[in-house]
J.: 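The structure follows.
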Amino acid sequence: MSHFDIERPIVKLPEQQPEQQIPDEELVWTDEEQERIEERKAKYPDPKSAIMDLLWMAQEKYDYLPPEAIRLCADTLDMDYARAYGVATFYTQYYKEEKGKFVLDVCTCFSCQMMGGYDILHYLEEKLGIHKGETTDDGLFTVEEVECLGCCGSAPMMQVTNGPYVHNLTKDKVDALLDDLKDGNMPPFVSVTLPQDEDEMGGNRRSDVEATETYQTPPRSEAVK
Amino acid sequence: MELTNGATKAGDWRNYERVLLPPIRNLHKLEVYENEANGYNRLRDVLENDDWTPESVTNEVKASNLRGRGGAGFPTGLKWSFMPDPDDRPRYLACNADESEPGTFKDRQIMEYNPHLMFEGILIAGYAMQLDACYVYIRGEYADWIRHMEAQLQKAYDKGYVGDNIMGTDFSMDIVLHKGAGAYICGEETSLMESLEGKRGYPRYKPPFPAQKGLWASPTTINNVETLAHAPLIIENGGEWFANTGAEAHPGPILYGISGHVNRPGVYEYPTGMLITDLIDEVAQGVIDDKGIKAVVPGGCSVPPLRGDGIDGVTMDSESLQEAGSMLGTGGMLILDEDTDMVSYLRRVTHFYQHESCGQCTPCREGTGWLERIVTRIDEGEGNMRDLDLLLDLCDQMEGRTICAFADAAAWPVRNTVKRFREDFEAKCKPSVHPTGADLSAAGATAA
């Protein structure tokens, strides 16, 4: 094995004549969306600045961003397709390719690495029979390795489809999460209690959040020596 | 212990009472914030009391010696005073909530538990610099928190705390929440502005500095969430109180985010200038299984890690950490125990920088990739001793040769990890062709 056999930045040219994935009649905004677009455009001195919001909306609508969806956003804001495409490809959270129904973004950045993030990632890969970056055959799950999600105290953790965080992962918790997702239940928003709140206020301070956890350290994993 | 005006010295942290995240149930709700935390009264005071002029607010922040909590530690009052006099251009504030530095998870606590303190701080900063709008750039991963904050911001709008003619005065300011989409580089201030303008997040050249030409070519100031959240507290308690809290040269309350091999990780609010050993042994209740400490990364992955045997007496403020050979950064501490392999640690850190480099400048785009490949080679046992020097040489080629500080942030941990934990790296490299003490004469002339 060569020691260069690792992920390398590879410039992949986009398909020059991509087949259209979304039919023309679906490439329109509803009135409600149009209203939201106008609202967002008014927030910025230059309406083109709303492109990131529009891409988010398009991704929610179509689940991912094929070129025609990016073109729709660009046309809506009267900007060049190339510029909108540039924005869509710069940010990792915009999906340029179709993904599974649930995207499992496992954080493996250094705090999570030390707490067993790779164990969780490899466990998921093994359980689902795919490598990171791939989607299961039934189209349900995509597993990805992501950089720091900003929740280092409850490491290892993951995010489900750009939405809720799942904290303090263990293999059992991953099993339960996959079962829940298969039933179509997204995990709830979890409030992670501050240690000082536990001491001074007896725990979680938000009465509007039912699911709470604490920051904790998992048992030291053998795999992360 | 000497106390001034209720301020807590770092050594007296056990009696510290929290101010950024005070123990009040449901503080994130507007009505609780108003009734129980003196909410928006600091803003009302600033707007209605004639003693408070924009200059005097800025001067109070200057007197507090508040230093930015986003990583660079630049004096906030000074930054505010860089804004030019008002002209016909609009003026903006960009609030940096793109918390992506690995090891950092403190700003999210403010957004989750005390968002109105941030809004109030934004408005006070807006009054001091006579701004028209603030754009809060929140990382896209925090989708849930953006949703929560949008609801709270709407309530503040409805109550007349934000928007036109705030509290019946002639001061008007808007706050806009902007959702990012996953790019570490957008935490860099000029990149953040590019991203807000709806472009790829490529950092800009400085000068022109943001205060001259920032968002949409108008005067702009960029501050971190925690920095702005301090503003109402400074107005309420006075700059002197703030300056007397914690370490002298780097004062104030601060949120420490502790993660890694400790028994009780989490975000803690204490004064600056606390002993690292206090934070680990008492606040975080020690290292798991009572192991020794191999390394401490005091402020996010961009700052040089300290050796575990060199943290005695080092305090969490920029002066002491600089002396010890590191930086305060974001205050997100990672504690690594004695079993940690620093090569694999560095391999993950370099992977992070390789992944997140925006690709605008060649030394960084190529350099981060090379750093990762060389460290990976060493980690897989195929490295040579000379690779260590190659790494250091590569760091020399990257530092200070790019538009933004990303390349420096990538080079510092590499340089210092290799220097301070060289034995870990040497143990993984292939043995030298000529081991020390080997009898070279037997090999003859062919060995060369």
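In what follows, every chain begins at residue 1, and chains take the letters A, B, ... in the order their sequences are listed. Given the structure is predicted, the values throughout are model-derived calculations rather than measurements.
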J.: What part of Y353(B) gets closer than 4.5 Å to chain A, counting heavy atoms only: side chain, backbone, both or neither?
T.: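 Nothing of Y353(B), per the 4.5 Å heavy-atom cut-off to chain A.
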J.: For T108(A), which atoms come within 4.5 Å of any heavy atom of chain B: side chain, backbone, both, or neither?
T.: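 Both backbone and side chain of T108(A) come within 4.5 Å of chain B.
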J.: If you count heavy-atom pairs under 4.5 Å between each of A181(B), S259(B), G257(B), P265(B) and chain A, which one has the most?
T.: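 Among the listed options, the one with the most contacts to chain A is A181(B).
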J.: What part of M201(A) gets closer than 4.5 Å to chain B, counting heavy atoms only: side chain, backbone, both or neither?
T.: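 Contact with chain B is through both the backbone and side chain of M201(A).
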J.: Is a side-chain donor-acceptor pair under 3.5 Å present for D53(A) with H178(B)?
T.: no
J.: Where does S195(B) contact chain A at under 4.5 Å (heavy atoms): side chain, backbone, both or neither?
T.: both
J.: Is C186(B) close to chain A through its backbone or its side chain, or both, or neither, when contacts mean heavy atoms under 4.5 Å?
T.: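 Looking at C186(B), just its side chain touches chain A.
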J.: Using every non-hydrogen atom in the two residues, find where G201(B) and F90(A) come nearest and quote the distance to one decimal.
T.: N-CE2, 3.3 Å
J.: Is a side-chain N or O of T217(A) found less than 3.5 angstrom from the main chain of H261(B), in a donor-acceptor match?
T.: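 No, T217(A) side chain to H261(B) backbone: no donor-acceptor pair under 3.5 Å.
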J.: Please look at E269(B) and chain A and tell me whether the side chain, the backbone, both or neither of the residue comes under 4.5 angstrom of a heavy atom of that chain.
T.: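 Interface part for E269(B): both.
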J.: Is a donor on one side and an acceptor on the other found under 3.5 Å between the side chain of Q196(A) and the backbone of Y270(B)?
T.: no
J.: Parallel, tilted or perpendicular: which fits the ring planes of H148(B) and F189(A), with parallel below 30° and perpendicular above 60°?
T.: perpendicular
J.: Where on R108(B) is there a heavy atom nearer than 4.5 Å to chain A: the side chain, the backbone, both, or neither?
T.: side chain
J.: Against chain A, label I335(B) side chain, backbone, both or neither, depending on which of its atoms sit under 4.5 Å from a heavy atom there.
T.: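 When you check distances to chain A, no heavy atom of I335(B) falls under 4.5 Å.
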J.: Answer with side chain, backbone, both or neither: which region of I374(B) has an atom nearer than 4.5 Å to a non-hydrogen atom of chain A?
T.: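 For I374(B), there is no contact with chain A at all, as no heavy atom is under 4.5 Å.
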J.: Between A50(A), C152(A), G86(A), which shows the greatest number of heavy-atom pairs under 4.5 Å with chain B?
T.: C152(A)
J.: Compute both the distance and the angle, then confirm whether R205(A) meets the cation-pi test with Y113(B): under 6.0 Å from the six-membered ring centre, within 45 degrees of the axis.
T.: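 Pair R205(A)/Y113(B) counts as cation-pi.
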J.: Under 4.5 Å from any heavy atom of chain A, what part of Q109(B) do you find: side chain, backbone, both or neither?
T.: side chain
J.: Please state whether the rings of Y135(B) and Y44(A) are parallel, tilted or perpendicular, taking 30° and 60° as the class boundaries.
T.: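 Ring orientation, 0 to 90° scale: parallel.
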J.: Using 4.0 Å as the upper bound for N to carboxylate O, is an ion pair formed by R18(B) and D197(A)?
T.: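 A salt bridge links D197(A) with R18(B).
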J.: Which answer fits L215(B), side chain, backbone, both or neither, if we ask what part of it has an atom under 4.5 Å from a heavy atom of chain A?
T.: neither
J.: Is V192(A) close to chain B through its backbone or its side chain, or both, or neither, when contacts mean heavy atoms under 4.5 Å?
T.: backbone
J.: Can we call the ring centroids of Y215(A) and Y268(B) under 6.0 Å apart?
T.: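 Centroid separation for Y215(A) and Y268(B): 6.0 Å or greater.
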J.: Please look at N263(B) and chain A and tell me whether the side chain, the backbone, both or neither of the residue comes under 4.5 angstrom of a heavy atom of that chain.
T.: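 For N263(B), the backbone is the part near chain A, not the side chain.
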J.: Tell me whether S49(A) contacts the main-chain N or O of E197(B) through its side chain, where contact means a donor paired with an acceptor under 3.5 Å.
T.: yes
J.: If every non-hydrogen atom of N162(A) is compared with every non-hydrogen atom of A143(B), which pair is closest and at what distance?
T.: O-CB, 3.6 Å
J.: Is R83(A) in contact with chain B via its backbone, its side chain, both, or neither, using a 4.5 Å heavy-atom distance?
T.: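 Contact with chain B: side chain only.
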J.: Side chain, backbone, both or neither: which part of Y16(B) has an atom under 4.5 Å from a heavy atom of chain A?
T.: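 Answer is neither: Y16(B) stays 4.5 Å or more from chain A.
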J.: Just so I understand: if I count every heavy-atom pair under 4.5 Å between each of S111(A), C109(A), S191(A) and chain B, which residue has the most?
T.: C109(A)
J.: Within the side chain of R206(A), is there an N or O that forms a donor-acceptor pair under 3.5 Å with the backbone of E112(B)?
T.: yes
J.: Is it the backbone or the side chain of K29(B) that comes under 4.5 Å from a heavy atom of chain A, or both, or neither?
T.: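 The side chain, not the backbone.
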J.: With a 3.5 Å cut-off and no angle check, do the side chains of R264(B) and T214(A) form a donor-acceptor pair?
T.: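 Judged by distance alone, the side chains do not pair up.
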J.: Which region of V267(B), side chain (C-beta onward) or backbone (N, CA, C, O), has a non-hydrogen atom less than 4.5 Å from a non-hydrogen atom of chain A, or is it both or neither?
T.: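 Both the backbone and the side chain of V267(B) come within 4.5 Å of chain A.
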J.: For G180(B), does its backbone N or O pair with a side-chain atom of W56(A) as donor and acceptor, under 3.5 Å?
T.: yes
J.: With a 4.5 angstrom heavy-atom cut-off, could you sort out which part of Q159(A) is near chain B: side chain, backbone, both or neither?
T.: side chain
